Amino acid sequence: RHVPEDINILIDQMQPLKLRGYQPWDVFCRAISSLMDNALLPQDGKGVMVALRPVPGYRSEQALTLCHTNRLGDIVTLSDNRVVLFLSFCRINDLDTALRHIFPLPVGDIFSNRMVWYEDSQIAAEIVQMQAMNPEKWVKPLAVSVEISEARNVKRGGEIVRRVPVPVTLLKASKGERA
Ligand code: C2E
Ligand code: C2E
């Protein structure tokens with residue numbers, strides 16, 4: 001009787017990470033930790049975690065602005081000196097392919113060092129280490145100065161500043177004339 005409901009629960013558990021992009025440190029750790037506990041997902045096939053250290057002179061917040069995660073389940077977080085990515089269901093051999101999709105520049109130009117974890121036990125152990133980090137060391141992404149919708153609708157003295165486009169019809173046929 002309840003088959004459809006059960007199937008939905010099952011499907012839901014097989015696509016567990018409904019997150020994409022930047023996540024605060026604690027949210028990232030909790031998400032990966034519960035993913036590792038999910039027995040419905042393939043053992044050692046849940047994804048790849050990679051920590052990337054920016055080249056000298058670059059901050060991790062700056063490197064994050066170049067990180068465009070496309071796939072649902074690809075998440076990223078920040079510490080003071082590294083960008084940590086989790087790539088859902090990515091295989092270790094495909095790591096470079098995935099990174100090429102995510103960063104618009106060669107990864108070697110942005111980061112000088114990487115650490116990779118891809119087995120459940122390695123990932124789980126690293127998450128435990130990460131969870132032990134003092135919250136004072138968490139790093140926030142750079143603030144986006146103006147949201148796009150705010151910029152589009154900017155007002156001065158209550159008036160919309162941007163010109164509102166008006167449709168124009170070219171070569172409109174006048175009366176008695178053929179179009
Ligand atoms: P999604 O998994 O959230 O991926 C969103 C977008 O990220 C994709 O849009 C695509 O532009 C990019 N992307 C993700 N993974 C890969 C990859 O392995 N290789 C490449 N080249 N691009 C990738 P797109 O193509 O419009 O797909 C939209 C959604 O359709 C995907 O969302 C996914 O849910 C599904 N989908 C499309 N193709 C496949 C597929 O071959 N396998 C699976 N499992 N799902 C797919
Ligand atoms: P591909 O684009 O050459 O990607 C090869 C493998 O790299 C993928 O194998 C996956 O393990 C990894 N990968 C690539 N991009 C991403 C990413 O954005 N995020 C993550 N987490 N992993 C990524 P997979 O998933 O078996 O896909 C095999 C091929 O199927 C892909 O080759 C691509 O041609 C196609 N494909 C898979 N998903 C999508 C999708 O969402 N959209 C499109 N357009 N194609 C997809």
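First listed ligand is number 1; within each ligand, the first listed atom is number 1. The analysis underlying the following values was restricted to heavy atoms, covering all of them including side chains, and did not include hydrogens, waters or symmetry mates. Predicted model only: the values in this text are computed from it and were never measured. Sequential numbering from 1 along the given sequence is applied to the chain's residues.
We find that D44 and R91 are not joined by a salt bridge, their nearest charged nitrogen and carboxylate oxygen being 4.0 Å or further apart. The pair R20-D74 does not meet the salt-bridge criterion, since no charged nitrogen lies less than 4.0 angstrom from a carboxylate oxygen. Salt-bridge annotation for R82 and E61: absent, with no side-chain N of the basic residue lying under 4.0 Å from a carboxylate O of the acidic one.
Enclosure of atom OH in Y58 is not indicated, since only 12 or fewer non-hydrogen atoms of other residues, nucleotides or ligands lie within 6.0 angstrom.
Taking the side chain as every heavy atom from C-beta outward, I123 and I32 approach each other to under 4.5 Å.
Residues lining ligand 1 at a heavy-atom distance below 4.0 Å are given as R20, N70, R71, L72, H101, ordered by chain and residue number.
The ring of F103 has its center closer than 6.0 angstrom to the ring center of F111.
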